[in-house]
Amino acid sequence: MDERRATRAIVWRSFVIQGSWNYETLIGTGFAFVLVPVLRLAFGGDAERMRAALHRQSTLFNCHPYFAGLAAGAIARLEADGTEPELILRFKAALRGSLGAIGDQLFWSAWRPASALLGVMLLLLGAPWWVAVGAFLIVYNSLHLYVRIWGTKAGLRNGLAVAKRLREAPFAVLGKRAGDAGALLAGICFALAVTAVPGGKGDAALAAAAATAGFWLGPRVRRGLLAAFAILWLIGVSLGLAAP
Amino acid sequence: MALSLSGFFLVCLWGGWVAVDTTSLGQIMISRPIVAATVAGALLGDPAAGAAMGLVLEAFNLMVLPVGAARYPEAGPASAVAGAGYALFSAPGALLTCVVFSLVYERLCGASVRALRQLNTRIALTPDSRSDPANVQRQHLAALALDWLRGTALVAAGLAALVWLLPWVAAHWMLPDKVVRIAVAAGVAGALAATLQLFRGGNRVLLFVAGVGAGLLIGVFR
């Protein structure tokens with residue numbers, strides 16, 4: 001199997017792996033979609049093997065989308081090597097949990113919020129909008145694209161042994177550093193937002209109250225903010241409607 | 001500023017791309033409010049307004065995590081609508097109207113994602129058809145196209161609703177602009193404070209406090 005062609009095919013198709021997300025196979029159909037060209041490369045004109053492999057790989061599967069290339073590469077390697085179908089399916093099931101956890105912890109919980117806070121900080125500092133947006137997209141996608149390409153190559157080269165490569169990769173350390181950066185940036189952004197509150201001591205007290213609510217409520221602060229803003233909006237409109 | 005047909009068309013195109021970026025295509029994060037709202041504003045000639053809306057909505061969406069198969073609001077299309085709306089109208093009441101509209105509309109967008117996934121489940125491949133590469137590719141790409149249509153329709157409907165609502169609000173708005181700005185700024189501060197819960201563990205609280213110190217110095221002496 002031509003590894004370069006296989007890598008290119010998997011990486012490009014992995015960008016749409018979640019396109020047919022459904023509650024039955026999750027990203028199973030998308031996973032099969034990613035593997036179609038690679039299985040063609042692996043099996044040449046053997047349509048029977050191709051169909052059998054595709055049938056196996058379009059069943060239930062889920063993982064973090066950026067690490068899907070790693071799973072697809074490893075599975076493609078195993079299929080091309082004629083590995084026992086039972087072993088392939090057990091390996092795929094094992095990958096599902098670990099790739100999901102690694103990806104969620106690294107990207108959704110650390111890298112993305114930290115990158116977004118960088119963009120928010122630049123806007124609060126008065127940077128041009130294209131600088132803030134560009135900085136966020138470039139910083140975020142540098143790791144995103146690296147993981148897609150690295151994962152695909154690691155999967156194709158190592159097959160079953162890709163778990164070892166995954167353990168050796170510094171994703172846990174990266175996630176920790178991103179979390180540290182995120183905490184620092186969150187503090188900077190919070191302070192810049194507080195100093196941006198116009199007005200005197202009363203308004204600073206409001207900002208302090210909002211901050212306390214934020215610390216205490218965590219994710220639930222969104223509901224509180226929506227309720228508060230909706231009430232304020234209703235007041236704003238009602239006063240106008242009631243005015244003579 | 002009136003919304004031209006070409007402007008409406010551009011924002012809808014952008015919104016469709018933003019919607020598929022959330023899950024189906026790429027996930028390069030153009031669906032984040034800081035990008036979606038800013039670019040929507042830029043498409044209508046006021047990137048600063050779009051960026052202001054993007055900043056506020058991004059702060060409110062930092063805590064939303066798309067972990068596993070969790071249900072979550074879809075901020076991208078809603079932010080694009082809000083950014084476009086705020087770029088069109090800087091009239092009294094527009095800031096708060098666009099923020100509230102976005103926070104409500106993103107729940108509707110999230111519900112449409114779940115509905116689409118239910119539809120995908122209904123038309124999912126049967127065991128027999130799963131082995132045919134043509135069937136697999138056709139179904140997958142059809143689902144992707146449906147998602148793009150969904151996003152485009154949501155942005156079109158949302159923008160039409162907001163463009164109707166904003167002049168009506170402006171005609172009946174009685175709260176001073178300063179009150180709204182204080183409330184929104186305080187809300188952003190509260191949302192940013194909440195993100196400390198995202199970065200739990202270790203010496204993160206110290207880092208947050210160090211950041212607050214640095215930010216205060218910058219803010220005070222700027």
Side-chain angles (χ1 to χ4, degrees), chain A residues 15-16 18-24 29 32-33 36 51 54-55 58 65 104 108 113 116 119-120 123 129 133 140-141 179-180 182-184 186-199 203 206-207 210-211 213-215 218-219 221 225-226 229-230 232-233 236-237 239-241, chain B residues 23-29 32 34-35 38 47 51 55 58 60 62-63 65-67 93 96 99-100 103 117 120-121 124 130-131 133 136-137 139-140 143-144 172-175 181-183 185-199 204 207-208 211-212 214-216 219:
Chain A
F15 281 99
V16 295
Q18 299 194 115
S20 56
W21 208 104
N22 65 83
Y23 292 111
E24 184 176 314
T29 308
F33 175 82
V36 164
R51 292 173 70 88
L54 202 60
H55 189 271
S58 57
D104 287 350
W108 302 153
V120 167
L123 281 178
W129 66 270
V133 168
Y140 180 82
N141 287 300
D180 291 342
L184 182 69
I188 295 173
C189 291
F190 167 73
L192 288 174
V194 167
T195 54
V197 174
D203 305 324
L206 178 62
F215 287 129
V221 77
L225 285 171
L226 175 56
F229 287 156
L232 196 61
W233 185 84
V237 167
L239 286 174
L241 287 170
Chain B
T23 310
S24 300
L25 172 64
Q27 289 189 293
I28 61 171
M29 298 299 133
R32 294 302 300 177
I34 193 173
V35 183
T38 304
L55 187 158
E58 184 64 48
F60 295 161
L62 283 167
M63 295 294 294
L65 300 183
V67 175
L96 195 59
V99 169
V100 172
L103 290 177
R117 289 176 174 185
N120 286 342
T121 307
R130 274 178 198 154
S131 42
V136 167
Q137 294 182 118
Q139 200 219 355
H140 188 71
L144 182 59
H172 298 94
W173 191 254
M174 288 290 279
L175 271 183
R181 289 187 183 282
I182 289 168
V188 168
L192 289 169
T195 60
L196 182 59
Q197 285 208 13
L198 262 180
F199 307 113
R204 301 270 169 86
L207 285 167
F208 183 86
V212 171
L216 284 174

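Below, chains carry the letters A, B, ... as their sequence lines are ordered, and counting in each starts from 1.
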Next on the checklist: With a 4.5 angstrom heavy-atom cut-off, is it the side chain or the backbone of A:V36 that approaches chain B, or both, or neither?
Outcome noted: side chain
Checklist entry - Looking at residues at least two apart in the chain, or sitting in another chain, which of them share a ring pair (Phe, Tyr, Trp, His ring centres under 6.0 Å) with B:F60? => result A:F229
Next on the checklist: Just so I understand: if I count every heavy-atom pair under 4.5 Å between each of A:F15, A:Y140, A:F215 and chain B, which residue has the most?
Outcome noted: A:F215
Checklist entry - So which of B:T195, B:L103, B:V188 has the largest heavy-atom pair count under 4.5 angstrom toward chain A? => result B:L103
Checklist entry - Judged by modelled atom types alone, do A:S20 and B:H140 share a side-chain donor-acceptor pair under 3.5 Å? => result yes
Checklist entry - Of the backbone (N, CA, C, O) and the side chain (C-beta and beyond), which part of A:D180 lies under 4.5 Å from a heavy atom of chain B, both, or neither? => result both
Checklist outcome for this item: Bottom line for A:A211: the part with an atom under 4.5 Å from chain B's heavy atoms is both
Item to check | Largest heavy-atom contact set with chain B, pairs under 4.5 Å, which of A:V194, A:L225, A:V221 | outcome: A:L225
Next on the checklist: Please identify, among A:T29, A:L184, A:L239, the residue contributing the most non-hydrogen atom pairs under 4.5 Å to chain B.
Outcome noted: A:L184
Item to check | Pairing residues for A:H55 by the ring pair (Phe, Tyr, Trp, His ring centres under 6.0 Å) criterion, not counting sequence neighbours | outcome: none
Checklist outcome for this item: Heavy-atom nearest pair, B:A143 first then A:G19, reads CB-O, 3.4 Å
Checklist entry - Counting heavy-atom pairs under 4.5 Å to chain A, which of B:M63, B:R181, B:Q139 comes out on top? => result B:M63
